[in-house]
Amino acid sequence: MSENKTYFITTAIAYTSRKPHIGNNYEIVMTDAIARYQRMKGKDVFFLTGTDEHGQKIEDIAKENNIEPQIYVDKVASEIKDIADMLNCSYDKFIRTTEPYHKKTVQKIFKKLFEQGDIYKSEYEGKYCVPCESFWTDSQLVDGKCPDCARDVNSAKEEAYFLKLSAYQERLEQYWNENVDFVCPESRRNEMLNNFIKPGLKDLCVSRTSFKWGIPVDFDDKHIVYVWIDALSNYITALGYDPDVNSFSKSQKTLKDNDESELLKMQAGATRDPDINSFSKSQKTLKDNDESELLKMQAGATRDPDVNDFSKSDEHEADTTRYKKYWPADAHIIGKDILRFHTIYWPIILMALGEPLPKKVYGHPWLLFAESKMSKSTGNVLYADELVEKYGVDGTRYYLLASMPYAQDGNITLEYVTEIFNADLANTLGNLVNRTIAMSNKYFDGRVGDYTQTDINFDVDLKNLTLKTVTDFDKAITDFKLADACAVIINLTKNCNKYIDLTTPWILAKNEETRERLQQVLYNLSESIRFIGVLLQPIIPQTAKYILDVLKTDKRTLETLQAFGQLSGNVGTSEPLFVRIVEK
RNA sequence: UGCGGUGUAGAGCAGUUUGGUAGCUCGUCGGGCUCAUAACCCGGAGGUCAUAGGUUCAAAUCCUGUCGCCGCAACCA
């Protein structure tokens, strides 16, 4: 196990056009589970999330509501952050693209790329719908007409800046070839490769003049930096990257390993407290965004400076220390729809800047509502707060993590969530903890005694499975297969339940001669439950803490799972972890 | 049309890389147990593995064709 090594993981930044639904929230929960696990492995983790707040759409929404875009995005960004907190996500920093340091750095990046010739001024040509004032691509047109208003479109030109992707074609291909696991899942990698890279890259339009709500190109301010350079750059601006400071001055030709980041490894000592977030987060339910809120904002047209407490690391990156320490990213966790931007455009932007490339990008699938895309207009949608209210934070987290496939779209309905909640959390896990703790108290006043190794098959099998679960879990979560990771734990839990039936402790309790055996049985169970509790920490942190608290153990690290038999002392008493939900 | 998926018991899925008696969860039926949250444990029923051919001693698994469904196709942030 590597110690004191950094691990930088990010979600995509969420677009602040509206309150996100549970399908949007899946990403941060998954990322949180990985981040928490990496902390358990002793990594110095930096977990970044945030919001993307610019663009035409937001400008339009703000106009419709007759408020300033900034007021609008403040509100939505705050909702997004509240949801992240509610779901107990242990991010280290929440970046907003409207923050001054981000804007300033993006302008510097744009300028640098322009000055070195990677960005050039040209004309954007496309189909233009005059009434809608929008450009469309051929593939967007519906029967050759504007997809919005179904009217005819004309060819039109607009002055714009372009990024020379074509110049980096070879280097990008080389990186892809030398890092076969740069993009996962594999099916998505093939899709990118066949559809975009192999046919050859076309230069990318990186500015707009059709709207104002964005970061102006500082040397040509009728142009606004279009989404790619603005949004993608968050991953480095959040760390304090500054193109004027030579962070990685040397060549980035060979990026296949992380020698450089090793060099930049943090000095000893600055490890993060893994429990810093586990319980203190607010469980407040979120108010629905209703119109009165918007009206209120219009009335008080000024921003409340206190509302904007977004950065847990209060200081806004004034230097590049953090950048040097954490970049390149170990993992970008993003939706499958934006893989292209993260696996083609983003690496090229970084190459142009002379910076190292991220090590891994995972394009996760979508969470569908009853087989169809979540959409507010059709009512096919669920929100995090509805689920948390019914299933609790951990019930919600568990469903998301346990039921999402690795490469294919997942599904959610209240029926499915209830099914999983009852089966895995209430019946299998909750009941196991409850019955075991109850027996410990009933038969031994909570004393677990000491570990006694036996040759009894039941004991040996349970112990072996318990130890194997640790490595299986590690493998699954390292591959980002959270559903497998959950299944591995539940499998152990089921086997613990079976162990109880095989060893029949209630019969052992009847005879004084079998009292010692009874103690062994309960010990083995409690110790296996300790393993379960430790491994559940990244998945359902509150419940895991509760379990470990009930066991009254401080053996909560991965190191304590290297050998079976470390539990000692007394256990406490337990309330049911999850109460079965009976629909009616 | 190109590319990538996908079609397995009532529902949701695994298995296909490295062919060898079809598996898991939920539901259902029967049994057991009573420490426990009407939970837990065991067993049964239920599948021509989309379809048509082919290779093979042997195919859900490899090859070819067909049909259905989904995603992506360069700027939809």
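Basis for what follows: all heavy atoms, side chains included, without hydrogens, waters or symmetry-related copies. Proteins get letters first, then strands, A, B, ... in listed order; numbering begins at 1 in each.
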Indicate, with a heavy-atom threshold strictly under 4.0 Å, whether A:I344 touches base, sugar-phosphate, or nothing. nothing

Counting heavy atoms from C-beta on, name the nucleotide in B:C35, B:U37, B:A74 closest to the side chain of A:F196. B:A74

Considering only side-chain heavy atoms of A:D52, which listed nucleotide, B:G4, B:A77, B:C35, is closest? B:A77

Would you mind classifying the nucleic acid contact of A:W366 as base, sugar-phosphate or nothing, using non-hydrogen atoms under 4.0 angstrom? nothing

Listing, residues 429-439 of chain A side-chain donor-acceptor contacts under 3.5 Å, not counting sequence neighbours, or none:
from   : atom 1 : to     : atom 2 : distance (Å)
A:R435 : NH1    : A:N497 : OD1    : 2.9
A:T436 : OG1    : A:L432 : O      : 2.8

Examine A:R340 relative to A:F196 and say whether NZ or CZ is less than 6.0 Å from the centre of the six-membered ring and inside a 45° cone about the ring axis. yes

Closest-nucleotide ordering on RNA chain B, the 5'-leading residue of A:P199 and A:L425: A:L425

How would nucleotides 39-44 of chain B be written as a contact map, 5' to 3', with B for base contact, S for sugar-phosphate-only contact and - for no contact, using protein heavy atoms under 4.0 Å? SBBS--

Given the C1' atoms of B:A73 and B:U28, what is the spacing between them in whole Å? 46 Å

Does A:Y226 have a side-chain nitrogen or oxygen under 4.0 Å from the phosphate oxygens OP1 or OP2 of B:C76? yes

Just by distance, with hydrogens left out, do A:D479 and A:Y406 show a side-chain donor and acceptor under 3.5 Å apart? no

Give the ring-plane orientation class for A:H223 versus A:Y161, where under 30° counts as parallel, over 60° as perpendicular and anything between as tilted. perpendicular

Regarding A:L577, tell me which of base, sugar-phosphate or nothing describes its non-hydrogen contacts under 4.0 Å with the strands shown. base

From B:C75, B:C35, B:A77, nucleotide with atom closest to A:W506 side chain: B:C35

Base, sugar-phosphate, or nothing for A:D484, non-hydrogen atoms under 4.0 angstrom? nothing

Quick one: on RNA chain B, does A:E191 or A:F578 contact a more 5' nucleotide (nearest heavy atom)? A:F578

Go through B:A36, B:U37, B:A11 for me and flag the one nearest to the A:Y416 side chain. B:A11

Classify the nucleic acid contact of A:G55 as base, sugar-phosphate or nothing, counting any heavy atom under 4.0 Å across all strands shown. nothing

Phosphate OP1/OP2 of B:A74 contacted by A:K202 side-chain N/O (<4.0 Å): no

